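All heavy atoms count here, side chains included; hydrogens, waters and symmetry mates do not. Please read all numbers here as calculations on a predicted model, not as lab measurements.
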Amino acid sequence: MRSGRRQILGLRSEDPVLNLIGPIGLGLATESALIVDLVGDFPSRSLAEIRDEGPRLDELSPGRRGVATIAAGPVTATELSEAIETMISSWPAIVIRSDGLRWTGPTVPYRGVYPGIRISQDAAPAVWQIAPGAGYKKFHGVVMPRISHRSTLSMLNGRIPRAQSWVAAWRGVWGMPWA
């Protein structure tokens, strides 16, 4: 992502592990990003609480490089859109961890490629995560390098992964025309 350019991009996966680590990778691929969690697994103050109580100073803009997370909480699609439009003026990038219901903006499908499961070469563009032992084929979209179990576990435990090539591959996702 070019410096000074602000972007918003949703990410959704049917795989629960990919649905957790994907937004982290997409956010880490920028200089600073806010992950808005519509699914509800990231423990943080919610947009609903900010709506009701007002924002704290540290919630208005990034205090350092990296990713920050915020849960959506019980907000409507309209309230979500308004909050995101307000926050994008202070955040270089916003990643929406989509539930497939309240976010109608551009969304990246993140799909796993697993051993023994056939995927059609005609499948819609997506970000494809190749699992260990799965064959590599050409797919429409971005094919992510394999990520180690250690890096996956790090992210699931709230730590930044050491998988620099995996994070770097997410940079290309920001520039694609997702519908």
Side-chain angles (χ1 to χ4, degrees), residues 1 5-48 50 59 61-73 75 77 80-81 83-85 87-88 90-113 124-131 141-179:
M1 188 167 105
R5 186 173 171 203
R6 302 191 185 283
Q7 295 189 19
I8 305 168
L9 192 56
L11 189 131
R12 178 161 168 68
S13 180
E14 298 300 321
D15 181 296
V17 173
L18 296 182
N19 205 29
L20 275 168
I21 68 172
I24 296 168
L26 189 58
L28 288 172
T30 68
E31 56 191 59
S32 296
L34 176 64
I35 298 172
V36 177
D37 183 15
L38 302 185
V39 178
D41 292 332
F42 286 123
S44 63
R45 205 160 103 96
S46 73
L47 287 176
I50 291 173
E59 294 168 334
S61 63
R64 59 178 170 74
R65 292 176 59 115
V67 297
T69 61
I70 188 166
V75 295
L80 174 66
S81 292
I84 299 231
E85 285 303 316
M87 290 185 297
I88 197 60
S90 301
W91 289 87
I94 295 180
V95 176
I96 309 295
R97 182 175 176 231
S98 180
D99 59 3
L101 304 171
R102 293 180 280 174
W103 175 247
T104 59
T107 301
V108 177
Y110 186 27
R111 298 189 174 112
V113 179
V127 173
W128 299 93
Q129 183 64 62
I130 308 296
V142 177
V143 177
M144 300 301 290
R146 288 184 175 92
I147 184 167
S148 71
H149 295 292
R150 178 183 221 167
S151 289
T152 301
L153 289 173
S154 289
M155 285 185 279
L156 294 175
N157 287 309
R159 294 186 302 273
I160 301 299
R162 293 186 179 172
Q164 294 304 312
S165 63
W166 183 78
V167 171
W170 282 101
R171 288 188 190 107
V173 173
W174 282 103
M176 295 187 71
W178 301 101

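The shortest heavy-atom contact between Pro125 and Pro109 is O-CG, 3.5 Å. Residue Ala93 comes nearest to Trp174 through the heavy atom pair CB-CH2, 3.8 Å, listed as atom of the first residue, atom of the second, then distance. The minimum heavy-atom distance linking Ala29 with Val167 is given by the pair CB-O, 3.7 Å. Closest of all the heavy-atom pairs between Ala126 and Arg111 is CB-NH1, 3.4 Å. When all heavy atoms of Gly25 and Trp166 are compared, the pair lying nearest together is CA-CZ3, 3.6 Å. Nearest heavy atoms, Leu38 versus Ala72: CD2-CB, 3.3 Å.
Going from atom CE of Met155 over to atom CD1 of Ile24 covers 6.0 Å, rounded to the nearest 0.5 Å. Note that the CD1 atom of Ile96 and the CG atom of Leu80 stand 6.0 Å from one another [nearest 0.5 Å]. Atom CD1 of residue Ile84 and atom CD1 of residue Ile8 lie 6.0 Å apart, to the nearest 0.5 angstrom. Note: Leu28 CG to Trp170 CH2 = 10.5 Å, rounded to the nearest 0.5 Å. Residue Ser32 holds its OG atom at 12.0 Å from CD1 of Ile94, rounded to the nearest 0.5 Å. In this structure, CG on Asp37 lies 7.5 Å from OG1 on Thr69, to the nearest 0.5 angstrom.
The salt bridge (charged side-chain N to carboxylate O under 4.0 Å, His left out) check on Asp99 picks up Arg102, with sequence neighbours excluded. Applying the side-chain contact (heavy atoms from CB on, under 4.5 Å) criterion to Val142, with sequence neighbours excluded, gives Val127, Met144, Val173, Met176.
For the pair Thr30/Gln7, no side-chain contact is recorded, criterion being any heavy-atom separation below 4.5 Å from C-beta on. When side chains are defined from C-beta on, Val36 counts as touching Met87, because their heavy atoms get closer than 4.5 Å.
Without hydrogens or angle criteria, Ser98 side chain to Arg12 main chain gives no donor-acceptor distance under 3.5 Å. In this structure, the side chain of Trp103 does not engage the main chain of Leu9 through any donor-acceptor pair within 3.5 Å. Side-chain atoms of Gln129 never come within 3.5 Å of backbone atoms of Val143 as a donor-acceptor pair (strictly under, hydrogens ignored).
Each of Leu11, Val95, Ile70 was scored for a side chain to side chain contact (heavy atoms under 4.5 Å, CB included) with Ile35, with one residue passing: Val95.
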